[in-house]
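Values in this document were obtained by computation on a predicted structure and should not be read as measured data.
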There are 2 protein chains.
Amino acid sequence: MSTAPKPKKRVTITDVAQHAGVSTAVVSRVLRNAYGVSAAMQERVRAAMAELDYRPHAAARGMRGRTYTIGVLLDNIRNSFFADILEGIRDQLHDSDYTVLIGAAGFGADNQARTIRAMADRQMDGLILIAPGTPRSEVLAMASTTPTVVIGHHDSADVHDSVVDADGIGAGLVVDHLVSLGHRRIALVASPGTKSSLWKRTPEIVLTEGYLEAMERHDLADRAQVFHAAYSDDGGYKAGMRLLTSPEPPSAIMTGADVAALGVYRAAHELGLTVPDDLSLAGYNNTALAALTPVQLTSVDQAGHTMGAAAAKMLIERVEGHRDRAMQTTMTPRLVVRSSTSGPRTVT
Amino acid sequence: MSTAPKPKKRVTITDVAQHAGVSTAVVSRVLRNAYGVSAAMQERVRAAMAELDYRPHAAARGMRGRTYTIGVLLDNIRNSFFADILEGIRDQLHDSDYTVLIGAAGFGADNQARTIRAMADRQMDGLILIAPGTPRSEVLAMASTTPTVVIGHHDSADVHDSVVDADGIGAGLVVDHLVSLGHRRIALVASPGTKSSLWKRTPEIVLTEGYLEAMERHDLADRAQVFHAAYSDDGGYKAGMRLLTSPEPPSAIMTGADVAALGVYRAAHELGLTVPDDLSLAGYNNTALAALTPVQLTSVDQAGHTMGAAAAKMLIERVEGHRDRAMQTTMTPRLVVRSSTSGPRTVT
DNA sequence: GAAGTTTTAGAGAACGTTCTCTATGAGAAG
DNA sequence: CTTCTCATAGAGAACGTTCTCTAAAACTTC
């Protein structure tokens, strides 16, 4: 009698229907809280579902209708700003019927494109793309078939929603702060961006614009200096090394990401410079990194949690068909001053 | 003529079959590299697939066979040790047919259980659970129907595979290091763990055991002191405050996670103590945090990348049926000494 | 109380795969 | 030249939902 070790048959909608003495159509309607089923029936079906511990088979649903799954595309799990966004998304969707699944594609447009496609193949109901490096055309194509929210890029389109931070204003806040402290030679370290991704208004581009405008506003346009480096410890380090060993080194450096600021810090440290006495340093995004006691980095807060929540809310509106026109939400950044910025040693 | 704006019909296996002039069964076989199709046919079908830009419908596959999706359960995206593991998984699976999707459940056994169920509902082929807080029974039940690898917990089971770090040895390495520097009053800050999750050998429990054994080995059993606190900045802060304001404060504190060590750092800082002069501090996991210039935390490296890769490899073996017996992989930790530990000011 | 309207319930066809059969043909063995 | 085997190809039934119909029942309204 060694047979039949796995009688674990899945409970299906048919079982529930039988148990409740109704048709599968009714059960399906209850499942989707669809119109056209009496209160008494509802009750009966729900009871049957509970009794049998029924759980809908997502793959089967995906064949016909929704999968009740939201996909989030992320390039970099290490960026804790993205973690803030994610938590916002999760909190917003917490007691909805939707499940959030994350595709951590890593950098590289091809990897990201592959992940986006994988999500589409899995019939996800909606997509949230955080600063995608994939060519814009591909995102637009995707968005025309699946509700999509793009976070970060300022390029607006009528086919997807967007959530952005006013990065230009954020850059201005930092410049204003540094200028008010007495700095004049202020350099910016920004991401080089993905070449030929065809996004014209990425966060780093808008940030750079804001920086240049602010410098101009303070009559410092001739001292403006933008250095392109990856948003990583290493990228920041290289940028710091180059900037700080130049003939006329800046007295303050701002970066487009906190982690890059820490790379600059490392470079400064190696060159025997102390922060903030010899160099004022500001990051961006106000991640957990910036707040750590040994770090205490001045940064710009972007309310990632709120951005994530907004994105999720907008996406669901689209998924459920409550809205058919694209919209864009812009967040206002806020400067958070910590001890990595102070007046310059000597005014240049 | 305003009709038919969306002729974007999905390319299905039937289209491919027609285009290649074969049956759908053959296409399906080619898709799964299954046995029983001639080389010539293969060629023809593949050409047709490429020509039509066919991509399999994951939901439909899920109804019958595999979904070619691997689910990873994570409690906390912020823990960069988990990011290491994830990258290991991703690299291992990079050019396989599988897609990795992450469920970031957050803390709380119920949330995690919900996420695990959601993954199962989506017919994922295999699950990697990173230090799940879900009751063990539930994980075992899940594992009996879906191939599963548990990372972190040392409890072995014949129903799922495991990848663990020899946390006991790791704790010993830190104690040995601190003792060799002259410390005798060494405290451990470890996670309280989830009560009643029924895991008997969680990382923190094994770590604590290793710590106690090492202390005993050095005849310091009477000085051993374990403080339970969450692995977060705040948890570390509270632990640090309590420990450092006690009548006989430790001269060295080790924690089970880097982030908690930084919380202790903050407490020390507020109390006017400097690291490492007044207090030696060691973390665990050797995350990116520990290596940051302003931090420079002594820590224990766990080779997260390798753990992730090992887990992925084991899981695929199971999914593809190449192995039917459970196995456990153990990694050896390595001490990484940085500047947060040094000899004590006065030997107590 | 007849005719029309609305609401609710059920039948049954999709959806795009996989998979178990059965059919066919080619080669091997007698 | 049969018969048997084996490899390959195709037919068609699942899989668990959703969704469009149609049927029946319950109200309106005159």
Would a 4.5 Å heavy-atom cut-off, applied to side chains only, mark [X] and [Y] as touching?
| X | Y | result |
| --- | --- | --- |
| A/N111 | A/R114 | yes |
| B/T145 | B/M142 | yes |
| A/D75 | A/F82 | yes |

Axis-to-axis angle across the helix from C/dG1-D/dC30 to C/dG30-D/dC1, five pairs each end, nearest 10 degrees, ~ 30°
Roughly, in whole Å, what's the span from [atom1] in [X] to [atom2] in [N]?
| X | N | atom1 | atom2 | value |
| --- | --- | --- | --- | --- |
| A/Y68 | D/dG16 | OH | C1' | 14 Å |
| B/Q18 | D/dG10 | CD | C1' | 14 Å |
| A/M41 | D/dA26 | CE | P | 12 Å |
| B/N33 | D/dT8 | CG | P | 15 Å |
| A/H57 | C/dT17 | NE2 | P | 16 Å |
| A/Q123 | C/dG16 | CD | P | 9 Å |
| B/L31 | C/dT17 | CG | C1' | 9 Å |
| B/R66 | C/dT17 | CZ | C1' | 14 Å |

Is a side-chain donor-acceptor pair under 3.5 Å present for A/T69 with A/R122?
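Result is no, nothing qualifies.
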Of B/S23 and B/M63, whose nearest nucleotide on DNA chain D comes first from the 5' end?
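The 5'-side residue here is B/S23.
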By nearest heavy atom, map B/A39 and A/I13 onto DNA chain D; which one lands nearer the 5' end?
B/A39
Shortest side-chain distance from A/A25, nucleotide among D/dC19, C/dT17, D/dA9:
D/dC19
Do [Y] and [X] meet the salt-bridge criterion of a basic N to acidic O distance under 4.0 Å?
| X | Y | result |
| --- | --- | --- |
| A/R323 | A/D161 | yes |
| B/D125 | B/R318 | no |
| B/R10 | A/D121 | yes |

Are any of [X]'s side-chain N or O atoms less than 4.0 Å away from OP1 or OP2 of [N]?
| X | N | result |
| --- | --- | --- |
| A/S38 | C/dT7 | no |
| A/R29 | D/dC19 | no |
| A/S28 | D/dT17 | no |
| B/Y54 | C/dT17 | yes |

How do A/T24 and B/V11 order along DNA chain C: which one's closest nucleotide is nearer the 5' end?
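Looking at DNA chain C, the more 5' nearest nucleotide goes with A/T24.
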Let me check something: any side-chain donor-acceptor pairs from residues 45-53 of chain A under 3.5 Å, sequence neighbours excluded? List them with distances.
{"residue": "A/R46", "atom": "NH2", "partner": "A/Q42", "partner atom": "OE1", "Å": "2.9"}

Under 4.0 Å, heavy atoms only, any strand: does A/T12 hit a base, just the sugar-phosphate, or nothing?
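Sugar-phosphate contact only - A/T12 comes under 4.0 Å of backbone atoms but never of a base.
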Any donor-acceptor N/O pair under 3.5 Å between D/dT18 base and A/R64 side chain:
yes
